Amino acid sequence: SAQAGLREALNAGIKSALISAVTYTGSPGIMQADLAILDQFAIDYAAARSGELIVQITNEIRETVRDLVWQSVSGIYTPQELAGLIKQIIPLHDRFANAVLRRNETLFKQFIKQGMDIDEAKAKALSLSEKYAAKLTRLRARTIARTEIMTASGQGHLAGWNSANQSGLIGTGWQKVWLTAQDERVCPQCGPLDHEKVAWDGVFSWGGRTSPRHPNCRCDVALVPDEV
């Protein structure tokens with residue numbers, strides 16, 4: 001079978017990064033991964049291109065983030081550890097920075113109305129605003145960590161499948177399927193895509209070739225053999 005041939009080739013040492021040979025029954029939620037291999041394709045992508053879409057950071061920070069993502073995809077850091085490291089170096093983007101300023105101004109006015117003197121109101125508003133800024137920094141760091149890892153994974157899938165196709169392991173009849181997390185947190189953008197199938201090298205209806213579709217996206221894309 002196609003799956004047996006793929007397994008034999010991989011066991012023989014042919015690296016076809018992030019190939020997911022799956023058994024697809026056609027029933028919602030029934031998708032069993034038979035094989036999922038993270039190898040050099042995803043790592044190479046992380047080393048070369050991760051961090052490209054992060055806005056409002058210096059080139060130096062982008063290079064640092066790229067190196068950290070590469071180490072995480074390589075297994076050196078967990079996603080949680082990656083987020084913690086990114087938090088230490090990433091600045092707030094304008095939307096979050098403006099939110100902190102608005103929070104400080106609102107708190108200051110609130111404390112003045114409550115009868116605090118100006119110095120006390122400034123100090124308390126600043127303290128609470130700093131905590132809010134820290135919270136937003138953690139949020140941005142987690143978003144970057146999750147999205148960059150998912151992007152490296154998705155691009156690794158594509159590169160691996162292309163390599164497998166060139167080696168004759170994937171035929172023209174193979175497809176890929178979009179998989180959501182299938183829970184209440186699935187967003188309106190991705191929900192309609194669940195179990196959508198296209199050619200293994202094709203484009204999904206939303207215009208992209210693989211996940212993630214957006215920051216913090218939890219979707220995945222799996223390969224479907226032509227015999228399924």
Side-chain angles (χ1 to χ4, degrees), residues 42 45-155 180-194 206-208 211-220:
Y45 179 89
R49 299 190 58 186
S50 61
E52 288 184 346
L53 300 181
I54 304 175
V55 300
Q56 297 178 347
I57 60 174
T58 65
N59 288 333
E60 290 78 8
I61 292 178
R62 193 180 310 279
E63 289 296 328
T64 300
V65 170
R66 180 171 297 159
D67 183 62
L68 290 173
V69 173
W70 169 77
Q71 292 183 65
S72 181
V73 174
S74 299
I76 298 174
Y77 297 123
T78 66
Q80 293 77 17
E81 291 169 338
L82 175 62
L85 291 166
I86 291 175
K87 180 186 68 175
Q88 298 177 33
I89 62 172
I90 204 77
L92 292 177
H93 51 58
D94 286 349
R95 182 166 61 87
F96 279 1
N98 289 332
V100 172
L101 293 176
R102 289 194 300 271
R103 175 67 65 89
N104 181 79
E105 181 179 359
T106 299
L107 288 170
F108 174 73
K109 292 179 179 178
Q110 175 184 322
F111 296 147
I112 290 295
K113 287 183 178 180
Q114 292 175 356
M116 290 186 187
D117 62 48
I118 292 179
D119 290 340
E120 183 182 8
K122 282 183 179 179
K124 189 170 183 178
L126 178 60
S127 176
L128 293 175
S129 296
E130 287 175 344
K131 292 179 181 179
Y132 183 54
K135 177 182 178 180
L136 293 182
T137 300
R138 290 193 299 270
L139 174 61
R140 189 181 191 200
R142 286 196 299 267
T143 297
I144 290 172
R146 178 182 297 163
T147 306
E148 290 298 330
I149 289 174
M150 290 297 292
T151 299
S153 175
Q155 293 300 320
T180 69
Q182 295 187 335
D183 59 23
E184 67 281 357
R185 294 170 54 201
V186 173
C187 71
Q189 289 179 294
C190 296
L193 295 172
D194 192 40
W206 68 274
S211 59
R213 182 175 181 180
H214 54 77
N216 277 325
C217 184
R218 297 179 299 141
C219 295
D220 197 5

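Everything numeric here is computed off the predicted structure, so don't read it as measured data.
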Contacts table for residues 83-103: side-chain donor-acceptor under 3.5 angstrom, sequence neighbours left out:
from	atom 1	to	atom 2	distance (Å)
His93	ND1	Arg95	N	3.4
His93	ND1	Phe96	N	3.3
Asp94	OD2	Gln56	NE2	2.8
Asn98	ND2	Asp94	O	3.1

Could you list the donor-acceptor pairs under 3.5 angstrom formed between side-chain atoms of residues 109-121 and any protein atom two or more places apart in sequence or on another chain?
from	atom 1	to	atom 2	distance (Å)
Lys109	NZ	Glu105	OE2	3.2
Asp117	OD1	Asp119	N	3.2
Asp117	OD1	Glu120	N	2.7

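The shortest distance between side-chain heavy atoms of Ser72 and Ile149 falls below 4.5 Å. The side-chain heavy atoms of Glu148 and Leu82, taken from C-beta on, include no pair separated by under 4.5 Å. You'll find the side chain of Arg66 reaches within 4.5 Å of the side chain of Glu52, heavy atoms only. Under the 4.5 Å side-chain criterion, counting only non-hydrogen atoms from C-beta, Asn104 is not in contact with Tyr132. Side-chain contact between Cys190 and His214 is present, with heavy atoms from C-beta onward closer than 4.5 Å. Using a 4.5 Å heavy-atom cutoff, the side chains of Leu126 and Glu130 are in contact.
A donor-acceptor contact shorter than 3.5 Å links the side chain of Thr137 to the backbone of Ala133.
In this model, a donor atom of one side chain and an acceptor atom of the other lie less than 3.5 Å apart for Asp67 and Gln71.
Taking every heavy atom of both residues into account, Val73 and Ala46 meet most closely at CG2-CB, 4.0 Å. The minimum heavy-atom distance linking Pro215 with Thr143 is given by the pair CB-CG2, 3.9 Å.
For the atom pair OG1 of Thr147 and CG of Leu53, the computed distance is 9.5 Å after rounding to the nearest 0.5 Å.
Shown here is Arg49, whose CZ atom has no more than 12 heavy atoms of other residues, nucleotides or ligands within 6.0 Å.
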